[in-house]
> 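Before I ask anything, let me first share the structure, which is written out below as structure tokens.
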Protein chains: 2
Amino acid sequence: MIRVLVAEDQSAVRAGLVLILRSAPDIEVVGEASDGEQAVAQARELRPDLVLMDIQMPRLDGVSATRQVVAEGLADVLVLTTFDLDEYVFGALRAGASGFLLKNTDAKDLLEAVRTVARGEGLISPAVTRRLIAEFAAKPVREPKADPSVLDTLTRREREVLSCLGEGLSNADIATRLDMAEATVKTHVSRLLGKLELRSRVQAAVLAQELGI
Amino acid sequence: MIRVLVAEDQSAVRAGLVLILRSAPDIEVVGEASDGEQAVAQARELRPDLVLMDIQMPRLDGVSATRQVVAEGLADVLVLTTFDLDEYVFGALRAGASGFLLKNTDAKDLLEAVRTVARGEGLISPAVTRRLIAEFAAKPVREPKADPSVLDTLTRREREVLSCLGEGLSNADIATRLDMAEATVKTHVSRLLGKLELRSRVQAAVLAQELGI
DNA sequence: GTCGCGGTACATCGAAAGATGCAGTCGCGG
DNA sequence: CCGCGACTGCATCTTTCGATGTACCGCGAC
């Protein structure tokens, strides 16, 4: 039995969804929420297998609610919306949603989608999939030249300094932020340059950038 | 009528696919190819609506063939493979495939997939979708803060110097590469720092990185 | 022409960065 | 306990950087 929580602010739509879900023998609607905060609260309380989440909701929007539910590991989230705006799609997926459906999906497909996500798989409306693919393909390939393993040779302090270098801070700035003498900052800079085989803080900053620090 | 080209090196599998496709009244198999080069050639010749493309093929693999077909705008490509290796999936999608199916997909879903892609939408096997989402979500958000327009205020020489800064070169290094006195390099650095409202070459280097220079 | 202006170029000088030596503090095995 | 090594911290000294003033050239406006 798949335990589902329905989060949708328009009661008419919510009733329709619940009706559809109840029609399936293997699906149980364990709760309903009419805004994002309720959705998160009920997810904590009821521990459903899956949350059917609308995006447009008062108090806490669906994307934020999704982020929270996923972050706490409460349930998988299947996002449901009327509009397939890129902003919504990508926002929801980044927030950790397992699926993204448009509301024009018919009852049969909705049930199938719920089962698919409950199986731990992912699902996206075909109309949206193409744009997701396009977005994905457009992503620059993560240059693997920046090897995170070299960071292992650095001490914690050195990593902190490196991070600051990545922001373009001067030694004095770093000294203030990390609360140490400028001379000490220089020591750390010098040491990490040696370990990373770099010749100046500029190269260190570039490296920090590539490593996403 | 959806005109389909089937590209698959194993003749038994290919026969099976053709059989399934022919069973649909709205789908027509206009050609078959047993390797990647044939697939591209036939796509050029026959101009199908869609190419059903296997990944493992001799002479030219499916990903490369897909890239070529898409680049020439010949047809949409639906990739079909036995293994859902990340390498295949991401490679195929980057190459411009509109869909990605596993071979364990049943006949009904295969036909539906063909129709979906032919409609201009996208389609991905549920088993693969979740990983695609994960991969997508993991991508760092491309910070748009780096505004290429600020570069317009720089002179050619200053842009050249900025580019060198992005590589982490010292003033002496830059002087050598651009064949000018170190003092001159300093002038340019100083000027571009002013124009870009930066406080050190380190920040300039970081900016150059973000701008992909 | 010649005046102004933007781009390029160089020299000087104070400020910052980087190398180096050294000291205090942990934690660990002998 | 003691020695040892790794980490952190600071001070001194040389190198590099960056701001500033100046000069030359090419080009369009006057």
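Every chain is numbered from 1, with letters handed out A, B, ... down the list of sequences. Keep in mind that this is a model prediction, so the values were computed, not measured.
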> Taking for each residue the nucleotide of DNA chain C bearing the nearest heavy atom, is the 5' side occupied by B:S200 or by B:K186?
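Its nearest nucleotide lies further toward 5', so the answer is B:K186.
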
> Does the structure show a Watson-Crick or G-U wobble partner for D:dG18, both distances under 3.5 Å? Name it, or say none.
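For D:dG18, the partner nucleotide comes out as C:dC13, under the 3.5 Å rule.
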
> Is there a donor and acceptor pair, one atom on the side chain of A:T187 and one on the base of D:dC10, closer than 3.5 Å?
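Yes.
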
> Starting at atom CG of A:L169, determine the distance to atom C1' of C:dA17, rounded to an integer number of angstrom.
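Distance, rounded to whole Å: 14 Å.
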
> DNA chain D: B:V189 or A:T184, which has the more 5' nearest nucleotide?
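In this pair, the answer is A:T184.
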
> Of the candidate nucleotides C:dG18, D:dC10, D:dG18, which contains the atom at the shortest distance from the side chain of A:S190?
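Of the candidates, C:dG18 comes closest.
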
> Quick test of your reading of the model: are B:R115 and B:E121 salt-bridged, counting only N-O distances below 4.0 Å?
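The answer is no: the pair does not qualify as a salt bridge.
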
> Does a side-chain N or O of A:S170 approach OP1 or OP2 of C:dA16 to a distance below 4.0 Å, or not?
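For C:dA16, OP1/OP2 do not have a side-chain N/O of A:S170 under 4.0 Å.
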
> Before accepting this row, confirm whether a basic side-chain N of the pair A:D9/A:R59 lies closer than 4.0 Å to the acidic partner's carboxylate O.
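Salt bridge flag = no for A:R59 with A:D9.
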
> To the nearest angstrom, how far is B:L154 atom CG from C:dT8 atom P?
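Atom CG in B:L154 sits about 10 Å away from atom P in C:dT8.
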
> B:R157 side chain N/O closer than 4.0 Å to the phosphate oxygens (OP1, OP2) of C:dA9?
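Checking C:dA9 against B:R157, a side-chain N or O does come within under 4.0 Å of OP1 or OP2.
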
> With a 4.0 Å cut-off, would you call B:D76 and B:R119 a salt bridge?
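No, no charged N to carboxylate O under 4.0 Å.
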
> Is the number of heavy atoms from other residues, nucleotides or ligands under 6.0 Å of A:E72 CD greater than 12?
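Atom CD in A:E72 is packed in, count exceeds 12.
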
> CZ of A:R159 versus C1' of D:dA6: gap in Å, rounded?
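Rounded to the whole Å, the gap is 14 Å.
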
> Side chain of B:A183, heavy atoms from C-beta onward: which of C:dA19, C:dC10, C:dA9 has the nearest atom to it?
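Minimum distance to the B:A183 side chain belongs to C:dC10.
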
> How many whole angstroms separate atom CZ of B:R191 from atom C1' of D:dA19?
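Taking CZ of B:R191 and C1' of D:dA19, I get 11 Å after rounding.
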
> May I ask you to verify if any side-chain N or O of B:R201 is less than 4.0 angstrom from the OP1 or OP2 atom of D:dG18?
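Checking D:dG18 against B:R201, a side-chain N or O does come within under 4.0 Å of OP1 or OP2.
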
> Send over the distance from A:D179 CG to D:dT8 C1', rounded to a whole Å.
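After rounding, the gap between these two atoms is 13 Å.
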
> Partner lookup for C:dG27, please. Criteria are Watson-Crick or G-U wobble with both distances under 3.5 angstrom; report none if nothing qualifies.
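Partner of C:dG27: D:dC4.
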
> Out of C:dA19, D:dG9, C:dT8, which nucleotide sits closest to the side chain of A:L193?
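The listed nucleotide nearest to A:L193's side chain is C:dA19.
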
> Starting the side chain at C-beta, find the nucleotide from C:dA17, D:dT8, C:dA9 nearest to A:N171.
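Nearest nucleotide to the side chain: C:dA17.
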
> Which of these nucleotides, D:dC7, C:dG18, D:dC17, is closest to any side-chain atom of A:T155?
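So the nucleotide nearest the side chain must be D:dC7.
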
> To the nearest Å, give me how far apart NE2 (A:H188) and P (C:dA19) are.
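After rounding, the reported distance stands at 14 Å.
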
> I'd like to know if B:R14 pairs up with B:D54 as an ion pair, taking the criterion as any Lys NZ or Arg NE/NH1/NH2 lying under 4.0 Å from an Asp or Glu carboxylate oxygen.
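No, this pair does not count.
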
> In this structure, how many angstroms lie between the P atom of D:dC10 and the CD atom of A:E182, rounded?
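Between P of D:dC10 and CD of A:E182: 11 Å.
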
> Could you pick out which residue, B:K195 or A:R199, lies toward the 5' side of DNA chain C when each is mapped onto its nearest nucleotide?
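That would be B:K195.
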
> In plain terms, say whether A:K195 and A:D152 are close enough for a salt bridge, that is, a side-chain N and a carboxylate O under 4.0 Å apart.
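Salt bridge: no.
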
> Take atom CD of A:Q203 and atom C1' of D:dT16, then tell me their distance rounded to the nearest Å.
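Result: 14 Å.
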
